[in-house]
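All remarks here apply to the structure that follows.
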Amino acid sequence: MIHLLYLDPGNGSYLAQVIIASILGVVFYFRNLLYVVRDFFYRLLGKKDRSADS
Amino acid sequence: MNPATHRHPASYRDPAGFVFEEDGILYRQIHPRYQPSYEQLKQSGLYDRLVSEKLLIPHEEISQPNTADAFRIIRPQRIRPVIPPFCWTYNMLLDAAIATLRIQTIALQHGMILKDAHPSNIQFIGASPILIDTLSFETWIKTKPWIAYRQYCESFLLPLVIGHHGVPDSPKLLRAWPGGIPLETGRTMLPLRSKLSLHWLLHLHLHARQSRQGDTPKSSSTGFSSGQMKNLIHSLKLGTTRCHAGNKHSGWTNYEQQVSARGQYTSHKLAVIQKESAALSGIDTILDLGSNTGNYSNALRNISEKIIQLESDPQTANALYEKNKTAGDQNSLSLCLNVEDLLPAGCDHGLIPSLKSDLVLCLGLLHHLTYRNYIPLPDVLNLLAQLTNKYLWIEYIDPTDPLIREHFNPERVEQRLIDLETFEKQLETLFTTRYHTQLADSSRRLYLCSKK
């Protein structure tokens with residue numbers, strides 16, 4: 001049995017990665033913004049912050 | 001020591017070094033060009049952190065090499081058996097993927113990055129995944145994207161997402177595409193609803209679409225940032241942990257309940273195997289063929305250091321892996337493999353040396369191989385003789401057994417009829433019977449044999 005002990009990753013899809021990482025940057029930015037707003041209202045209404053549970 | 005002449009035949013791609021074996025001991029030679037990365041691995045604390053978290057195989061450095069092309073020779077802890085990822089169960093591939101991303105996250109914290117991310121670099125100690133390629137790390141250049149990103153998507157994420165959508169044995173796809181399923185091919189196996197997950201949409205669908213255009217030489221120098229890298233790894237983690245094994249049930253997952261209706265048969269069989277096996281000596285490894293719930297082999301934990309359990313049904317093998325993991329069992333390795341594929345015409349015939357064990361269990365399996373898969377008895381026994389170093393437990397199932405009459409084609413059974421006399425005669429050609437008994441509430445017989 002010849003095991004594939006090492007495989008060259010080869011072409012790294014660089015450009016795709018840059019585009020995807022940029023999209024993720026926007027998505028995570030707005031998601032975090034949403035969490036901040038949500039937590040603000042939780043505190044305002046005296047509810048327990050759900051993000052603190054996780 | 002002469003590393004070059006003992007180089008492992010599959011260890012030729014890595015420019016940083018290679019694996020070689022001498023006097024039964026496995027070593028890894030590190031080339032001078034990898035010296036800066038190796039020193040960073042050790043000095044940054046990354047090696048100690050990963051070893052302490054049992055994510056990287058520990059090694060010891062041996063005396064300085066006397067050849068100019070070697071910077072250092074290390075002796076990694078040996079893992080046996082080394083099993084290719086296409087034999088893993090779905091959750092094994094999932095756990096290996098999560099471990100790879102965890103290693104990547106820790107490496108980034110220490111200023112290093114994984115330069116490859118393929119399942120073959122991971123092996124299992126019991127149910128714990130561990131990186132076996134010490135030379136997988138390089139300095140993290142924060143302005144560059146992850147070189148192993150595509151490899152991770154093709155060899156981990158894609159088979160996992162395909163499996164999530166109703167293909168429980170999706171790791172088997174890595175047999176057809178050992179380097180990873182090409183994104184363009186793999187995405188055609190995915191349903192439209194896989195695009196509803198943002199992370200799958202980006203890393204598989206958009207990635208495949210973008211890859212069609214390919215990279216230009218300038219792409220590798222395209223600006224990237226550490227924040228983008230962290231977002232990318234976080235997103236891959238979310239996309240990976242969303243994967244689940246889908247339908248957990250098959251015709252074999254409730255086998256235990258079915259056999260419980262057979263009176264004392266199961267308990268008698270278990271008691272006999274435990275009692276007689278206790279008298280055997282020199283059992284380091286046990287191979288359980290058609291293991292199902294693994295009850296018989298797991299009952300022999302106290303006499304063996306390692307148990308390999310082969311089960312062809314992907315859901316049952318996965319359930320056994322989870323069961324072993326929950327029990328914290330570091331000795332049992334559950335694999336999804338069809339015994340028929342180990343025969344000379346089968347695609348896994350080359351795995352026999354890795355699976356060879358001191359004691360082989362072939363319980364409740366013979367009738368499937370002979371009457372269903374149409375394998376002649378001498379060929380089955382030949383295979384068992386190749387798989388065992390010393391002993392064999394084999395269960396003879398009489399053609400009048402109710403299960404055979406109920407589930408098998410009578411014509412096929414008639415054509416391949418194996419009566420008791422024929423069975424014992426054939427068995428004696430390769431094995432010596434040490435003990436045999438008829439099982440309670442059954443016409444089945446159990447044999448403990450030594451290999452001739």
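Naming: A, B, ... by sequence-line order, numbering from 1 per chain. It should be emphasised that the depicted structure is a prediction, and the values quoted were computed from it without experimental measurement. As a basis for the values below, the full set of heavy atoms in this structure was taken, side chains included, without hydrogen atoms, waters or symmetry mates.
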Check whether the side chains of S194(B) and H205(B) place a donor and an acceptor atom closer than 3.5 Å, and report yes or no. yes
Would you say the ring centroid of F224(B) lies under 6.0 angstrom from that of W146(B)? no
Heavy-atom contact with chain A under 4.5 Å, split by part of L198(B): side chain
H207(B) ring center within less than 6.0 Å of Y149(B) ring center: yes
Any carboxylate oxygen within less than 4.0 angstrom of a Lys/Arg side-chain nitrogen, looking at R28(B) and E21(B)? no
Part of L238(B) lying under 4.5 Å from any heavy atom of chain A: side chain
Name the region of H349(B), side chain, backbone, both or neither, that has any atom closer than 4.5 Å to a heavy atom of chain A. neither
